[in-house]
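A quick write-up on the structure given underneath.
Values in this document were obtained by computation on a predicted structure and should not be read as measured data.
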Number of protein chains: 4
Amino acid sequence: MTYTVAVSGASGYAGGEILRLLASHPDIEIRTVTAHSNAGQPLIEHQPHLRSLAHLTLQDTTPEILAGHDVVFLALPHGQSGQYTDALGDVPLVVDAGADHRLTSQESWDAFYGGHFHEPWAYGVPELIIDGSKQRENLRTAKRIAAPGCNASTVSLSLVPGVAAGVIDPYDIVSVLAVGPSGAGKSLKPHLLGSELLGTANPYAVGGTHRHIPEIQQALRGAGAADPRISFTPVLVPMARGILATSTAPIADGATDEQIRAAWQDAYGDETFVQLLPEGHFPRTADVLGANTALMGLAIDRAANRVTIVTAVDNLVKGTAGAAIQSMNLALGLPEGRALTVNGVAP
Amino acid sequence: MTYTVAVSGASGYAGGEILRLLASHPDIEIRTVTAHSNAGQPLIEHQPHLRSLAHLTLQDTTPEILAGHDVVFLALPHGQSGQYTDALGDVPLVVDAGADHRLTSQESWDAFYGGHFHEPWAYGVPELIIDGSKQRENLRTAKRIAAPGCNASTVSLSLVPGVAAGVIDPYDIVSVLAVGPSGAGKSLKPHLLGSELLGTANPYAVGGTHRHIPEIQQALRGAGAADPRISFTPVLVPMARGILATSTAPIADGATDEQIRAAWQDAYGDETFVQLLPEGHFPRTADVLGANTALMGLAIDRAANRVTIVTAVDNLVKGTAGAAIQSMNLALGLPEGRALTVNGVAP
Amino acid sequence: MTYTVAVSGASGYAGGEILRLLASHPDIEIRTVTAHSNAGQPLIEHQPHLRSLAHLTLQDTTPEILAGHDVVFLALPHGQSGQYTDALGDVPLVVDAGADHRLTSQESWDAFYGGHFHEPWAYGVPELIIDGSKQRENLRTAKRIAAPGCNASTVSLSLVPGVAAGVIDPYDIVSVLAVGPSGAGKSLKPHLLGSELLGTANPYAVGGTHRHIPEIQQALRGAGAADPRISFTPVLVPMARGILATSTAPIADGATDEQIRAAWQDAYGDETFVQLLPEGHFPRTADVLGANTALMGLAIDRAANRVTIVTAVDNLVKGTAGAAIQSMNLALGLPEGRALTVNGVAP
Amino acid sequence: MTYTVAVSGASGYAGGEILRLLASHPDIEIRTVTAHSNAGQPLIEHQPHLRSLAHLTLQDTTPEILAGHDVVFLALPHGQSGQYTDALGDVPLVVDAGADHRLTSQESWDAFYGGHFHEPWAYGVPELIIDGSKQRENLRTAKRIAAPGCNASTVSLSLVPGVAAGVIDPYDIVSVLAVGPSGAGKSLKPHLLGSELLGTANPYAVGGTHRHIPEIQQALRGAGAADPRISFTPVLVPMARGILATSTAPIADGATDEQIRAAWQDAYGDETFVQLLPEGHFPRTADVLGANTALMGLAIDRAANRVTIVTAVDNLVKGTAGAAIQSMNLALGLPEGRALTVNGVAP
């Protein structure tokens with residue numbers, strides 16, 4: 001059967017990427033695309049790369065227009081998705097690419113976001129180990145799915161296997177990420193202008209203020225860490241897409257090199273979209289551009305007493321839209337990787 | 001008086017930057033430029049941006065040709081500078097931009113470089129606190145100077161004030177650097193091709209293998225750390241120049257926020273070329289492009305129990321050629337900042 | 001049925017892109033990949049983004065190893081493909097991504113390439129009008145196909161409709177192209193280093209020396225121009241992939257605006273992979289990144305008496321590997337667009 | 001003596017670059033910096049690279065605040081400078097970096113800009129030949145100076161020598177420019193976002209609509225062309241700064257190669273900041289980054305019957321702020337190149 005889909009926030013980057021991937025999905029009919037201020041305009045004016053969808057017109061983002069589809073994607077700023085929840089009660093599957101339904105802790109929500117706290121939905125990272133089993137299983141029966149934060153899922157996937165296996169210590173993690181600006185959306189802010197980003201590296205949210213921190217801590221708690229601590233610094237670098245997350249954690253007392261590598265190998269050895277590279281190999285973001293793949297390399301630095309995991313992800317695919325569609329495929333009972341690619345577009 | 005200068009390695013990036021800065025130095029006459037395989041060719045063929053030096057021809061790099069100048073700059077790969085040392089015995093001032101004379105520990109040299117160990121020269125970072133005093137004083141009387149490694153000096157300047165003041169713990173440092181490829185020189189290696197670097201972030205030397213690690217440890221020992229530990233990961237990002245180093249260290253027990261900021265403020269408050277930005281501000285590499293300035297921002301993350309220092313440097317200026325010339329100015333008794341700029345070329 | 005394929009030059013950029021596209025082709029089995037100096041190594045060492053092909057090992061490029069497949073792709077430097085022609089006599093379909101079989105004029109070959117002249121093969125640009133009909137028809141029965149030069153096909157597609165319709169004058173064409181360095185291949189040349197390309201625009205082959213000029217002239221002759229003249233200047237810009245070709249030609253006497261737009265609209269109105277944008281719209285290379293699409297915008301400048309056509313292409317896809325596979329699909333009787341996408345990866 | 005200076009528009013890119021250059025000018029005291037919406041804020045918040053000016057606060061842009069200085073720079077959007085003219089009557093020297101005082105033809109102004117037409121001021125390109133003599137002479141006595149449009153001066157300098165010497169035909173010129181986005185200012189427009197510019201080439205103002213066209217035509221008329229025609233297409237490419245202008249013009253009947261090269265060599269042979277490269281050499285924008293230099297390469301393409309001139313300029317320096325200060329130096333009787341550099345910052 002073919003499922004009808006509506007995508008809100010269709011003029012933005014997350015919405016555009018959901019559409020790019022769905023456009024090649026054989027089981028999906030993109031019926032409705034919506035936006036706020038751009039309603040009434042052709043989609044192609046805002047997403048000129050989506051030539052196969054040039055026939056679509058942006059409609060207003062209202063519960064009435066979104067209702068009546070088999071699947072609804074919400075690609076809206078946090079704080080906005082929540083207002084559609086009740087009105088979309090009859091929609092069989094809703095996937096939120098925003099933050100409103102990711103956190104289970106209201107305390108964390110209040111500290112990092114503020115405003116109304118919404119109930120947590122199934123977290124859209126199939127490969128993540130939560131409380132001993134892969135999240136994939138939860139997603140197979142989910143009706144409401146929260147796609148992950150791009151930085152958060154990248155770091156969580158990097159660290160959870162080692163925490164769950166007890167080979168790294170989750171109480172003094174340091175993550176520094178080189179990120180492209182598309183993760184910040186199509187916002188008209190001075191620091192996101194091309195002239196400010198070309199040829200330069202720009203740190204932001206330094207010192208523990210980034211909103212993805214509680215999402216990572218939640219994942220680490222799901223791996224058994226009582227009170228995980230993470231120093232988290234993102235750095236904007238001159239590439240439109242991509243996250244290269246360098247995460248380090250202290251080696252747990254007594255953990256051998258074999259045990260350490262085995263933790264990740266066991267977690268991801270059977271996965272298609274999350275892969276540990278062979279020893280001595282580390283990924284580049286180009287290797288996953290446009291792909292739903294998280295590639296990671298692992299080094300054991302005995303001199304520093306730390307494990308370093310370097311993970312490359314396309315923030316708009318595995319970090320957002322690809323995660324959303326992979327989760328949708330699971331919830332609809334379709335092959336998990338449908339419409340998603342493993343190979344990146346490089347060079 | 002005017003000092004005559006010879007620059008070896010003049011067809012490379014470090015040599016070219018030394019020449020760019022010297023070209024506007026009122027007390028310097030660039031008399032000789034040398035290279036190896038490119039000897040006999042006009043300098044301008046290899047440094048087309050140095051229009052004011054279009055009259056110079058690259059000579060062979062031999063002790064005889066380098067001798068007889070007031071100052072000689074060696075911008076050669078490590079392992080090559082050493083062979084000129086004896087032959088340049090009569091040259092009043094020699095500045096080596098390579099690694100041969102940076103390390104005081106033969107054990108470190110053997111572990112990270114190998115080959116013949118050379119005696120350490122005065123380390124060319126005037127603002128660095130070594131054994132309680134600024135290195136500036138040593139440089140004023142130096143005849144032989146080792147310009148620093150670009151990543152090493154960036155991280156050392158970032159951390160030494162806190163270690164010396166006892167407000168951070170030097171035994172579990174983590175540094176992750178976004179770096180431009182010019183630091184790797186004009187080497188014809190596949191991973192340095194433009195197609196491999198544009199639009200992507202590429203980690204390298206992951207896991208404790210980078211040659212600048214012992215140089216940082218040496219600086220930390222100079223600040224009082226008995227056995228400093230650092231996890232160090234550089235990431236190539238798509239900008240020709242620049243280093244953005246994110247360094248974190250555990251907060252020392254009992255250190256207050258005021259004490260922490262004061263450590264850096266006291267160390268650099270009077271410096272021109274190393275500046276701590278006001279609270280809540282962090283630098284971009286564009287802010288120091290072409291300038292001899294290291295800008296740093298500091299955040300205290302009590303949740304992670306770490307201090308984060310983000311430092312921006314132009315790897316070819318403050319990281320190499322600017323450090324070399326600033327040190328030369330000191331050794332020659334000239335104003336320390338001559339021919340060096342504080343303001344970066346942005347956007 | 002499934003066709004077996006061998007790809008030579010598999011460690012390079014063109015070979016890699018052929019493999020990336022074939023990896024998602026349902027009718028193709030990639031059986032053999034070959035290289036020269038890299039033979040014996042895993043493909044994944046050279047193409048780390050092709051995760052789904054991690055099981056393949058590069059073999060030597062010999063006629064014996066290439067023979068015995070249904071389709072052979074030659075992604076070799078010009079002058080090398082020719083030596084395999086005889087030995088591959090039994091291979092049902094051979095597609096050459098190099099230049100050896102593109103030109104029909106030995107005089108042009110001698111002037112721009114030199115060395116042995118090879119017979120021309122069917123030119124792999126299905127949408128190109130040659131002598132009054134689309135090249136698609138020739139490709140349906142072709143056994144030997146020459147994929148186009150990336151710049152050449154971009155400019156030819158831009159101009160041929162207007163020349164064939166008689167609305168522009170082919171005797172004073174000017175084309176200036178912004179191009180990414182991947183078109184130059186994975187060659188270890190100083191001017192292709194990342195440090196030389198990041199943050200700068202670099203012209204090359206200025207003044208009529210680029211090897212794609214005779215290929216464009218050949219296409220223009222196929223559109224009816226007796227002796228076409230073109231001023232052609234490529235400029236390397238800091239993006240790994242992409243061609244943005246700005247081509248202008250004098251307006252033919254008496255041609256109306258309607259006639260001019262109609263020439264392109266009539267030529268490409270039914271095409272999937274070559275599209276004329278609506279009046280006032282012009283493409284970006286990001287709009288076609290990773291896609292097999294050529295997007296063009298057209299402006300009529302009566303003050304300058306010129307038509308300007310701006311065309312965006314991914315040099316590795318529509319410019320090379322996509323053209324090769326689109327042509328293969330036609331020759332094998334498969335749907336023309338199989339394994340090729342219309343939508344680009346943006347932002 | 002020291003001249004006091006006020007710079008309006010000091011929070012923008014042109015204003016920032018004027019300040020960067022003036023900061024190293026020994027005869028200038030930057031006394032006042034002004035802005036509109038940012039008045040009251042520290043300059044350093046908006047120009048974080050201008051560390052030596054961290055003590056300055058942005059004042060409101062009013063005639064009263066600007067008056068009373070020896071030199072006033074207006075770095076304002078077109079249409080705004082004019083309103084200050086009367087109020088600044090007593091200021092000895094006013095330099096406008098905007099467009100209000102560039103054009104001599106009201107008809108051109110009305111066609112390309114609209115709004116109130118202001119009287120033309122001395123055009124700030126010292127090396128430009130106007131009516132047979134270098135504009136330098138006019139600037140020596142100027143009290144009011146219009147700095148040029150960055151694209152316009154680049155193209156005008158490229159073509160005027162050949163037109164004035166009669167070796168190229170000014171009636172069918174084609175110019176295509178690769179330009180960085182800083183030329184568009186710090187405007188919050190969607191197409192100037194980093195995500196829209198990184199990794200892609202974006203054409204704009206295609207088809208004869210760019211506002212610098214009449215400024216080029218004016219320069220060509222000053223070189224003797226009665227009714228010059230130019231097809232002009234700018235393309236945004238991923239570099240913060242720089243213009244690489246490829247301009248071609250038909251070879252005048254009978255012009256020899258020697259005569260053609262001599263036209264440019266004679267015009268610029270004695271110039272410091274405008275240089276013709278040797279035959280076969282062409283400039284990159286990196287070669288002039290941060291410098292006040294226009295570098296050009298010239299090719300004679302007999303097959304296309306066109307001369308191609310490729311010129312590299314830093315749009316913010318030689319294209320705007322450097323031109324403004326070079327002109328100021330002339331008007332104040334100072335050495336023309338004071339505070340300006342010839343050598344670019346590369347790589």
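- The distance from atom OG of A:Ser182 to atom CD of D:Glu196, rounded to the nearest 0.5 Å, is 10.0 Å.
- Proximity to chain A (any heavy atom under 4.5 Å) is restricted, for D:Ser187, to the backbone atoms N, CA, C and O.
- For a heavy-atom cut-off of 4.5 Å, chain D lies close to no residue in residues 314-325 of chain A.
- D:Leu188 is listed as a side-chain neighbour of A:Pro190, based on a closest heavy-atom distance under 4.5 Å.
- Here D:Leu197 contributes atom CG and A:Leu198 contributes atom CG; the two are 6.5 Å apart, rounded to the nearest 0.5 Å.
- Looking at A:Lys186 and D:Leu193, their side chains come closer than 4.5 Å, going by heavy atoms from C-beta outward.
- Summarising the geometry of A:Pro181 relative to D:Ser195, their closest heavy-atom pair is C-OG, 3.5 Å, with the distance given to 0.1 Å.
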